[in-house]
Trainee: 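Got a structure for you, questions after.
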Amino acid sequence: MLQDMADIIVCAPEDVRSGFSCAFSATTPLRLQKRNEYPGVQIWSSNGTPVDCVKLALSEICPRRPDMIIGGINHGDNGSVNTHYSGTMGVTLEGCMKYIPSVAYSLCDHREDAHFEPLRPYIRQMTERVLTEGLPKGVCLNVNFPNTAFRGVKVCRMAQGTWYNEISTCHHPRGYDYYWMVGHYRNDEPTCEDTDNWALSHGYIAITPTRIDVTAYEAMQQLKDWEQ
């Protein structure tokens, strides 16, 4: 989608890394393999996490500091608290921590053959704007696309939500239990129209500006009397 807009380096995990968030490989040796190259594009893979891929690309592949880092397009949305679990957002947060303008793109469709083509004009436009206008220091963008015809674009806050019934217990024939991480998501403020969950459920593309600084500034005054 962006090949004609820039020189592109792809560095991606060899396999699915959903839920890896900002994890990096502190004790596992990493491999880096060049998969393909054609005019304006290099494609590399690593056995590491999404964040490992960013660190490796910046250190070993990029000939200079990149103008932008992009995560995705992810299969499945990364709205609400999924932001904290997402490997796609891990890519974007890592770029942001390096003070490089960074954007994550996700589509609310988990199917292997998810249809990404309708996203093309929006991704091109948003990428071009970030390349041209930049982003505030310490801020990256979490962009989620609904799996439906798009009604428009909304800039939203992250919805408050909860995962529940997250563990499925199974019994192995050899006599022990094992567990699958599953679960169901609940939007805890379904009537709030300024959230990413509301936008996506109503057919809008949701853009959530996301900060690296997670300090709860509003709580600092409350805790002042803890100081000694």
Trainee: What closest approach, in Å, do Ser102 and Leu135 show between heavy atoms, and which atom pair accounts for it?
Mentor: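 Minimum heavy-atom contact is O-CD1, 3.7 Å.
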
Trainee: Are Val51 and Leu32 connected in a single hydrophobic cluster, I mean Ile/Leu/Val/Met/Phe/Trp/Tyr linked by side-chain heavy atoms less than 4.5 Å apart?
Mentor: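 As far as the 4.5 Å side-chain criterion goes, Val51 and Leu32 are not connected within one cluster.
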
Trainee: Under 3.5 Å, is there a donor-acceptor pair between the Asp213 and Thr215 side chains?
Mentor: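 Short answer, yes.
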
Trainee: Considering residues at least two apart in sequence or located in another chain, which fulfil the side chain to side chain contact (heavy atoms under 4.5 Å, CB included) criterion with Lys224?
Mentor: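 Applying side chain to side chain contact (heavy atoms under 4.5 Å, CB included) to Lys224 gives Gln221, Glu227.
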
Trainee: Give the cluster check for Met89 versus Met68: same hydrophobic cluster or not, with ILVMFWY residues linked at side-chain heavy-atom distances below 4.5 Å.
Mentor: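 No, no single cluster joins them.
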
Trainee: Answer yes or no: is there a side-chain heavy-atom contact under 4.5 Å between Cys156 and Asp194?
Mentor: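 Contact flag for Cys156/Asp194 side chains = no.
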
Trainee: Do Ile212 and Leu141 share a hydrophobic cluster (ILVMFWY, side-chain heavy atoms under 4.5 Å, transitive)?
Mentor: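 Different clusters: Ile212 never reaches Leu141 through Ile, Leu, Val, Met, Phe, Trp or Tyr contacts under 4.5 Å.
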
Trainee: Measure across Ala199 and Ala206 and return the closest heavy-atom pair with its distance rounded to 0.1 Å.
Mentor: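 That would be CB-CB, 4.1 Å.
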
Trainee: Under 4.5 Å between side-chain heavy atoms, hopping through other hydrophobics if needed: is there a path connecting Ile70 to Val130?
Mentor: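 The answer is yes; both residues are in one hydrophobic cluster.
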
Trainee: If you count heavy atoms of other groups shown closer than 6.0 angstrom to CZ of Phe150, is the number above 12?
Mentor: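 Atom CZ in Phe150 is packed in, count exceeds 12.
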
Trainee: Report, as yes or no, whether the 6.0 Å neighbourhood of atom CZ on Arg124 holds more than 12 heavy atoms from other residues, nucleotides or ligands.
Mentor: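 It does: Arg124 CZ has more than 12 such atoms within range.
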
Trainee: Return the CG to CZ distance between Asp15 and Arg17, rounded to the nearest 0.5 Å.
Mentor: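 Asp15 atom CG to Arg17 atom CZ measures 5.5 Å (nearest 0.5 Å).
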
Trainee: Keeping the roles fixed (side chain from Ser21, backbone from His84), state whether a donor-acceptor pair exists under 3.5 Å.
Mentor: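 Answer holds: yes.
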
Trainee: Assess whether atom CZ of Arg129 is packed by more than 12 heavy atoms of other residues, nucleotides or ligands within 6.0 Å.
Mentor: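 No, because the 6.0 Å sphere around CZ of Arg129 holds 12 heavy atoms or fewer from other groups.
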
Trainee: Are the side chains of Thr92 and Asn142 in contact, using a 4.5 Å heavy-atom criterion?
Mentor: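 Side-chain contact under 4.5 Å: no.
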
Trainee: Could you check whether any side-chain N or O of Asn165 sits under 3.5 Å from a backbone N or O of His184, counting only pairs where one atom can act as donor and the other as acceptor?
Mentor: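 No: the side chain of Asn165 does not pair with the backbone of His184.
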
Trainee: Does the side-chain contact (heavy atoms from CB on, under 4.5 Å) test come out yes or no for Glu128 and Gln125, once each step is laid out?
Mentor: CA-CA 5 Å; Glu128 180 63 35; Gln125 182 184 44; 5.8 Å; no

Trainee: Walk me through whether Thr83 and Thr208 qualify under side-chain contact (heavy atoms from CB on, under 4.5 Å).
Mentor: CA-CA 10 Å; Thr83 300; Thr208 305; over 6 Å; no

Trainee: Look at Lys98 together with Glu94 and state whether they make a salt bridge at an N to O cut-off of under 4.0 Å.
Mentor: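 Salt bridge: yes.
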
Trainee: Flag yes if Leu2 and Leu131 sit in one hydrophobic cluster, no otherwise; membership is Ile, Leu, Val, Met, Phe, Trp, Tyr, and two members link when side-chain heavy atoms are under 4.5 Å apart.
Mentor: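 Yes.
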
Trainee: Less than 4.5 Å apart, side chain to side chain, heavy atoms only: is that true for Val91 and Ile69?
Mentor: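 With C-beta onward as the side chain, the pair touches.
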
Trainee: Using the rule given for side-chain contact (heavy atoms from CB on, under 4.5 Å), can you reason through Ile167 versus Met181, listing the C-alpha separation, both sets of side-chain angles and the distance that settles it, and then say yes or no?
Mentor: CA-CA 5 Å; Ile167 306 297; Met181 284 287 185; 3.4 Å; yes

Trainee: Please name the pair of heavy atoms, one in Asn78 and one in Asn144, separated by the smallest distance, quoted to 0.1 Å.
Mentor: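 In terms of heavy atoms, the two residues are closest at N-OD1, 2.7 Å.
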
Trainee: State, without any angle test, whether Asp177 and Thr169 hold a side-chain donor-acceptor pair at a distance under 3.5 Å.
Mentor: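 Result is no, nothing qualifies.
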
Trainee: Is there a salt bridge (charged side-chain N to carboxylate O under 4.0 Å, His left out) between Arg111 and Asp109? Walk through the geometry before answering.
Mentor: CA-CA 6 Å; Arg111 297 176 302 169; Asp109 190 341; 2.8 Å; yes

Trainee: Regarding Tyr185 and Asn197, is there a side-chain donor-to-acceptor distance under 3.5 Å anywhere?
Mentor: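 The criterion, which ignores hydrogens and geometry beyond distance, is satisfied for Asn197 and Tyr185.
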
Trainee: What pair of heavy atoms forms the shortest contact from Pro209 to Val155, and how long is it?
Mentor: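 It is CD-CG1, 4.0 Å.
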
Trainee: Determine the minimum heavy-atom distance between Pro39 and Gln3, stating which atoms define it.
Mentor: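 Minimum heavy-atom contact is O-NE2, 3.4 Å.
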
Trainee: Answer yes or no: is there a side-chain heavy-atom contact under 4.5 Å between Ile9 and Pro66?
Mentor: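 Of all side-chain heavy-atom pairs linking Pro66 with Ile9, none is under 4.5 Å.
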
Trainee: Under 3.5 Å, side chain of Asp52 to main-chain N/O of Ser25, donor-acceptor pair present?
Mentor: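 Yes: the side chain of Asp52 pairs with the backbone of Ser25.
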
Trainee: Determine yes or no for a side-chain-to-main-chain donor-acceptor pair under 3.5 angstrom, with Thr195 supplying the side chain and Met158 the backbone.
Mentor: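 Answer holds: no.
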
Trainee: On a heavy-atom basis, which atom in Glu189 and which in Gln160 lie closest, and how many Å separate them?
Mentor: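 Scanning both residues completely, I find the closest heavy atoms to be OE2-N, 2.7 Å.
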
Trainee: Report yes or no: does Asn47 contribute a side-chain atom to a donor-acceptor pair with the main-chain N or O of Leu30 at less than 3.5 Å?
Mentor: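 No, because the side chain of Asn47 does not come within donor-acceptor range (under 3.5 Å) of the backbone of Leu30.
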
Trainee: Which is it for Ile61 and Cys11 under the side-chain contact (heavy atoms from CB on, under 4.5 Å) test, yes or no, and what are the steps along the way?
Mentor: CA-CA 9 Å; Ile61 306 173; Cys11 188; 4.2 Å; yes

Trainee: Any side-chain heavy atom of Ile100 sitting closer than 4.5 Å to one from Leu58?
Mentor: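 Side chain of Ile100 against side chain of Leu58, heavy atoms only: contact under 4.5 Å found.
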
Trainee: For Glu117, I'd like to know if atom CD has over 12 heavy atoms of other residues, nucleotides or ligands within 6.0 Å.
Mentor: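 Atom CD in Glu117 is crowded, with more than 12 foreign heavy atoms closer than 6.0 Å.
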
Trainee: From Tyr105 OH over to Ile205 CD1, what is the distance, rounded to the nearest 0.5 angstrom?
Mentor: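 It comes to 10.5 Å.
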
Trainee: With heavy-atom distances below 4.5 Å as the criterion, would you say the side chains of Leu107 and Phe116 are in contact?
Mentor: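 Yes. Closest side-chain heavy atoms under 4.5 Å.
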
Trainee: Applying ring pair (Phe, Tyr, Trp, His ring centres under 6.0 Å), can you list everything that pairs with His202, at least two apart in sequence or on another chain?
Mentor: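 Applying ring pair (Phe, Tyr, Trp, His ring centres under 6.0 Å) to His202 gives Trp198.
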
Trainee: Flag the pair Met1 / Ile73 as yes when at least one side-chain heavy-atom distance between them is below 4.5 Å, and no otherwise.
Mentor: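 In short, these two side chains touch, coming nearer than 4.5 Å.
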
Trainee: Can you tell which of Asn187, Asp188, Val81 makes a side chain to side chain contact (heavy atoms under 4.5 Å, CB included) with Thr162?
Mentor: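 Going through Asn187, Asp188, Val81 one by one, the side chain to side chain contact (heavy atoms under 4.5 Å, CB included) with Thr162 is satisfied by Asp188 alone.
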
Trainee: Could you check whether any side-chain heavy atom of Met126 comes within less than 4.5 Å of a side-chain heavy atom of Leu119, counting everything from C-beta outward?
Mentor: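 They are not in side-chain contact.
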
